[in-house]
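Order of listing sets the numbers, starting from 1, for every ligand and every atom in it. Just so you know, these numbers use all the heavy atoms, side chains as well, and skip hydrogens, waters and symmetry mates.
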Amino acid sequence: MSQIAERMQAVRERISRAAADAGRRPEEIRLLAVSKTFPAGDIAEAAAAGQFAFGENYVQEAIAKIAALRHLPQLAWHLIGPLQANKTAAAAVNFAWVHSIDREKIASRLSLARPAGAPPLSVCVQVNISGEATKSGVAPEGAIGLAKTVAVMPHLRLRGFMGIAEPSAEAAIPRLQFRLLRELRDELRRQGLELDTLSMGMSADLEAAIAEGSTMVRIGSAIFGERNRETT
Ligand SMILES: *Cc1c(COP(=O)(O)O)cnc(C)c1O
């Protein structure tokens, strides 16, 4: 078995254990393999081991890999990094999901640019659940309003919320931040929106995220190894 296949199996086992600990079924939690900074060959290796959903942070970097992997049409590409207005057209064409909607302008540009024949672009509103000034995402106070605005855009399908917890040695802290995201989702569900996604949990904190209701964990280093550089 390749190293990537072995690591993916270990991650799936962590997900299953965390689900069992939370009294949940492991099928409720989707695994998004975050391949930013890693080459197309690593993605092909993960695909050979049964992984088809990949997360990328940078539009240009992703487009190059999408082109290199055209022969694998079952791959689904998720944009999880902050999106600039001048990249929305390329994002609307190349991705199935965008997790990082943080303002109305980005969402409306994505909706306008989504190709007519394509299914609606699945999107999540990213919420700054850690409150750190350096983190992207709409403030929690603005999340419900933005989500309602996005939900009625014609070529988008609002799936839920995405959040990144503050790295902390104290396990209670990410849990509280993930809980905030779940409560926002629950509030919108009470208001009648059909949301099926809580995109939360990374290599270091997937257990806390699953305990708080994550339906999609975004896992990079635990699958592909440590990143020694971040591209721009
Ligand atoms: C890089 C990244 C991840 C994956 O992080 P790991 O710690 O490597 O698992 C998940 N989500 C977002 C938004 C990221 O930028």
Counterpart residues, ring pair (Phe, Tyr, Trp, His ring centres under 6.0 Å), relative to Phe178 (two or more places apart):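 For Phe178 there are no ring pair (Phe, Tyr, Trp, His ring centres under 6.0 Å) partners, ignoring immediate neighbours.
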
Does one side chain, of [X] or [Y], offer a donor that lies under 3.5 Å from an acceptor on the other?
X      : Y      : result
Ser35  : Glu56  : yes
Arg30  : Thr215 : no
Glu170 : Ser168 : no

Non-hydrogen atom of Arg227 closer than 4.0 Å to ligand 1: yes

What atoms in ligand 1 come closer than 4.0 Å to a heavy atom of [X]?
X      : answer
Ile219 : 9 (O)
Asn57  : 14 (C), 15 (O)
Ile80  : 11 (N), 12 (C), 13 (C), 14 (C)
Ile164 : 13 (C)
Arg218 : 4 (C), 9 (O), 10 (C), 11 (N), 12 (C), 13 (C)

Result block: side-chain N/O donor-acceptor pairs under 3.5 angstrom for residues 138-165, not counting sequence neighbours:
{"from": "Lys148", "atom 1": "NZ", "to": "Gln191", "atom 2": "OE1", "distance (Å)": "2.6"}
{"from": "Thr149", "atom 1": "OG1", "to": "Gly145", "atom 2": "O", "distance (Å)": "3.0"}
{"from": "Arg159", "atom 1": "NE", "to": "Asp196", "atom 2": "OD1", "distance (Å)": "3.0"}
{"from": "Arg159", "atom 1": "NE", "to": "Asp196", "atom 2": "OD2", "distance (Å)": "3.3"}
{"from": "Arg159", "atom 1": "NH1", "to": "Ser122", "atom 2": "OG", "distance (Å)": "2.9"}
{"from": "Arg159", "atom 1": "NH2", "to": "Asp196", "atom 2": "OD2", "distance (Å)": "3.0"}

Residue portion contacting ligand 1 (non-hydrogen atoms closer than 4.0 Å) for Lys36: side chain

Flag if over 12 foreign heavy atoms under 6.0 Å of CD, Glu187: yes

Greater than 12 external heavy atoms within 6.0 Å of Glu6's CD: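 Buried by this count: over 12 neighbours within 6.0 Å.
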
Any N/O pair Gly220/ligand 1 closer than 3.5 Å: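 Yes.
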
Nearest candidate to atom 8 (O) of ligand 1, where distance is taken over non-hydrogen atoms, out of Ser136, Pro167, Ser221, Gly225: Ser221

